[in-house]
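To start, the structure itself, in structure tokens.
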Amino acid sequence: MELRKLIAAGLFGLFGSVGTAGAADAIYPGAKTVEYETPYGWTFTVGMYGWLSGIEGDVGARGRTTSIDASFDDILSNLDVGVMGLAEARYGRFGIFTDLNYIRLSASRDTPFGLLARSVDLTTHSLMWTAAGEYRLVDQSDASLDAFAGFRLFSIKNELDFNPPGLLGGTELSQTETWTDPIVGLKGRVSINEHFYLTSWALIGGGASSDLVWDVMGGAGYQISDSISAVVGYRAAGVDYENDGFVYDTVQHGPTIGLVVRF
């Protein structure tokens, strides 16, 4: 079986692990593979994407743990800010890439009987940042496969504001937990025809701070021009972290859509 078909079979195998819809976010850009006969020029890729994810699992602080199961609609109704983007720089077979996912959620709730405060405002800041170096194992005009290694950083900050009157009126509480884990993985792309292609990645890590970190995605893209492409699909990512009473054992999953520019 020719190499291009082997890579395509692997991509479809990954799709099966995350759902029949196929998966994608713009983490692995849809720009065309650098031609092998000109491997030493710099290429750069930037993209913005939306991850329409829900979240489920267990979270806790100061020894108290609770289960959460929030759909994308639940998150969207409390969303203040969402920033999701990627960038990649490549020189020949070597490259570096980074992915940033930041959201800020806020909600306000009245307190029972108003004794402690009239109401409580909760603000949550969630940052997931990935950076890695990569090496291109397969570099063809219609298929590519990269191995990469790097780190993933998480930072979670919760803020509680108790609104007066009440015994705690005017009190502000906050807690921040930040940790980093090493990751390794593979990402690939294969062209179907002049415009359509498949793309996916999978990574695993942990051991330094988390018990486990993982992320899988895959999807289908459309090459609008030589430098611009659009990607849709599905992504799932999980982390299992616990430290001194702080618990963050969650899975995020949902459709993605992105626009990527290569220059």
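In this chain, numbering begins with 1 at the start of the sequence shown. From a predicted model like this one, the values you see are computed outputs, not experimental measurements.
Listed here is the closest heavy atom pair of F246 and Y241: CD2-CE2, 3.7 Å. Considering every non-hydrogen atom in both P182 and A208, the closest pair reads CD-CB, 3.6 Å. Residue W214 comes nearest to A236 through the heavy atom pair CZ3-O, 3.4 Å, listed as atom of the first residue, atom of the second, then distance. Minimum interatomic distance between R152 and A237 (heavy atoms only, all atoms of both residues): NH1-CB, 4.4 Å. Considering every non-hydrogen atom in both A147 and L137, the closest pair reads CB-CD1, 4.0 Å. Scanning both residues, G85 and M48, for their nearest heavy atoms gives CA-SD, 4.0 Å.
A donor-acceptor pair under 3.5 Å is formed between the side chain of Q223 and the backbone N or O of S225. Proximity of a side-chain donor or acceptor of R93 to a complementary backbone N or O of R136 within less than 3.5 Å is detected. Distance alone, capped at 3.5 Å, is enough to place a donor-acceptor pair between the N193 side chain and the F196 backbone. With hydrogens and angles disregarded, no donor-acceptor distance shorter than 3.5 Å links the side chain of S210 to the backbone of V213. Not a single donor-acceptor pair under 3.5 Å links the side chain of D211 to the backbone N or O of G207. Of the possible donor and acceptor atoms, none in the side chain of S126 sits under 3.5 Å from a partner among the backbone N and O of I103. Checking side-chain atoms of D181 against main-chain N and O of S209 turns up a donor-acceptor pair under 3.5 Å.
Here salt bridge (Lys or Arg N to Asp or Glu O under 4.0 Å) pairs that include residues 242-258, with residues two or more places apart or in two chains, number zero.
Under the 4.5 Å side-chain criterion, counting only non-hydrogen atoms from C-beta, V231 is not in contact with L259. Counting heavy atoms from C-beta on, the side chains of T176 and S155 come closer than 4.5 Å. Contact check for Y102 versus M128: no side-chain heavy atoms found under the 4.5 Å cut-off. Between Y135 and F148, every side-chain heavy-atom pair lies at or beyond the 4.5 Å cut-off. Here the side chains of L212 and I204 are in contact, with some heavy-atom distance below 4.5 Å. Side-chain contact check for E88 versus R262: every heavy-atom pair is 4.5 Å or farther apart. In this structure the side chain of L52 never reaches within 4.5 angstrom of the side chain of Y234, judged on heavy atoms.
The CG atom of L127 lies 6.0 Å from the CG atom of L153; values are rounded to the nearest 0.5 Å. To the nearest 0.5 Å, atoms CZ (R235) and CG (D215) are separated by 4.0 Å. We find the CG-OG1 distance between L86 and T98 to be 8.5 Å, quoted to the nearest 0.5 Å.
Taking hydrophobic clusters as Ile, Leu, Val, Met, Phe, Trp and Tyr residues chained together by side-chain heavy-atom distances below 4.5 Å, Y222 shares a cluster with L198. Under the 4.5 Å side-chain contact rule for hydrophobic residues, V184 and I96 do not share a cluster.
When ring centroids are compared, W129 and F151 come within the 6.0 Å threshold. Taking the centre of each ring, W201 and F97 come in below the 6.0 Å mark.
Residues satisfying the salt bridge (Lys or Arg N to Asp or Glu O under 4.0 Å) criterion with D80, sequence neighbours excluded, are R104.
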**Report entry** CA sep, side-chain torsions, deciding dist, call: I75, D73, side chain to side chain contact (heavy atoms under 4.5 Å, CB included)
**Finding:** CA-CA 5 Å; I75 294 175; D73 289 340; over 6 Å; no

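Ionic pairing of D146 and R90 is present here: one or more N-O contacts between side-chain nitrogen and carboxylate oxygen are shorter than 4.0 angstrom.
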